[in-house]
Amino acid sequence: MNDHERDDDANRLTRRHYVAGAGAAVAVGLAGCSDDPEGDIGATETEGDSGGGSGGDTEDGSGGDAEEGDLEIVHWWTAGGEQDAYQALLDGFREEYPDVEIVDNPAPGGAGSAIDAVIQNRVLDGDPPSTFQIWPGQALTPYTDEDLLEDIGDSVWTDEMEEAYLGDIVDLARPAGNLVAVPINIHRLNNLFYNVEVVESANVDPTDINDPQQLADALQTVADETDATPLAHQTQSPWSSLQLWESIFIGMQGVDAYRTFIDGDVSSLETEVRNALELLNTYSEFFPEDAGSISWDQGNSALIEGDAAFIHQGDWAAGQYRAADGFEFGEGWDMVAFPGTTSVYQSVIDSFVFPTNNPSPEATEKFLSYAGSVDAQARFNPVKGSIPPRTDVPTDDFGPFLSRQIEDFNNSNTQPPSIAHGTSVAPSVHSSLEEAFANFNGNGDVDEAYQAIANSF
Ligand code: BGC
């Protein structure tokens, strides 16, 4: 399905509320947002995904013509195969609750780079949407600190639902004790995807790359032997470099050191942090020339087209391969765990919440209950490229790639949460690290980046 067809699809589903437009994300600054003295709330980085502008009222999540009782959903799933997964979720919801009017209101931008500012302003102003996409864990805390999320421990989280979920994931949905979120998926972050034909033509065997340094050698070989971009990385928005740094760090130092880092003890890891930055600098020699102006899914498209060899991304990238015609797992593309991280399943999770002052309590409760159901997770995850957090979802139709991911998840020693995807560090730390990596993308200055990272905690 190409972007236009996808847009048409979304258009059909949301015609009542659709306003055509260019699909660029907007940056909304939070200066003067008085309830946010520590700057926890807010981010100004935005990255327009190539598939953005797929539907919704205003294309920036800022509200619009939702009427009282309508289910307004703000999310950032507009790129790659994300939109198909989101539509699969809505299709299932509509089958079960045909009476609920849905107002789809995306805030496009990879890794939620445009959603925070919009949502936080609206929630603080007492004008929230019915629900919105958010990482569980630390990302929820600015809202739970201010009591801005309903306790859904009785209304949505039945005993049956709680028992069916992986326990660690349930815990992420209650950072302050009460259950406030419904996780819907588990992505893996530490993947190295590749175009099979391109790496073969360079005579590189990704299964032989054993550590992050060897990956630099493989990228050099691709550069020497082919015309393809070795690593289809984007630097328009800092999150992809931050997540790549996380994988390099874990690949070089292991998960215990990573956990020490996210606990804020950076100074005991100075050399290790710097070494991972140095290697990221080396990788950057192999980024696309236009890395600074593309989105993650545009980088991934280059891999699909055979113009790039590798990409480091969460397995949402696999959702995009699924949506591409004739690009099959094992033949067109494949994936190895990021070198040095084979036994690790670094997790990225999405959830939906029930903001207080809710414009549609009944519809919101229905949607959250549905998001936590077997049916929702069976429809959504195979298209999204993720695996379900419920343990009782039939996965026979998840295909060979996700079946392998499920096996890897079950065999993994540890599933540490990501920094770049908000679960593991407080939002203030997250934004400050993003700023450090935005600067590092621009100047490659290891000393400056190290100081900025150390000062983030
Ligand atoms: C989200 C994914 C999404 C990815 C790229 C991550 O933070 O958890 O659902 O596909 O960002 O936008």
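Counting starts at 1 for both ligands and their atoms, in listed order.
Below 4.0 Å from some heavy atom of Gly110 lie the following atoms of ligand 1, by number and element: 12 (O). Close approach of ligand 1 to Val348 (heavy-atom distance below 4.0 Å) involves ligand atoms 8 (O).
Considering backbone and side-chain N/O atoms, Gly112 never comes within less than 3.5 Å of an N/O atom of ligand 1. Considering backbone and side-chain atoms together, Trp316 places no N or O closer than 3.5 Å to any N or O of ligand 1. Considering backbone and side-chain N/O of Glu82, one or more are found under 3.5 Å from N/O of ligand 1. Where the criterion is an N or O separation shorter than 3.5 Å, residue side chain and backbone included, Lys384 meets it with respect to ligand 1.
Under the 3.5 Å distance criterion, with hydrogens and angles disregarded, a donor-acceptor pair is assigned to the side chains of Asn413 and Ser343.
Residues Asp315 and Arg188 are not paired through a salt bridge, judged by the lack of any N-O separation under 4.0 Å between the basic side chain and the carboxylate. Residues Asp375 and Arg390 are not paired through a salt bridge, judged by the lack of any N-O separation under 4.0 Å between the basic side chain and the carboxylate.
Residues Val348 and Ser418 come closest through the heavy atom pair CG2-CB, 4.0 Å.
Counting heavy atoms of neighbouring residues, nucleotides and ligands inside a 6.0 Å radius, atom CG of Asp256 does not exceed 12 of them.
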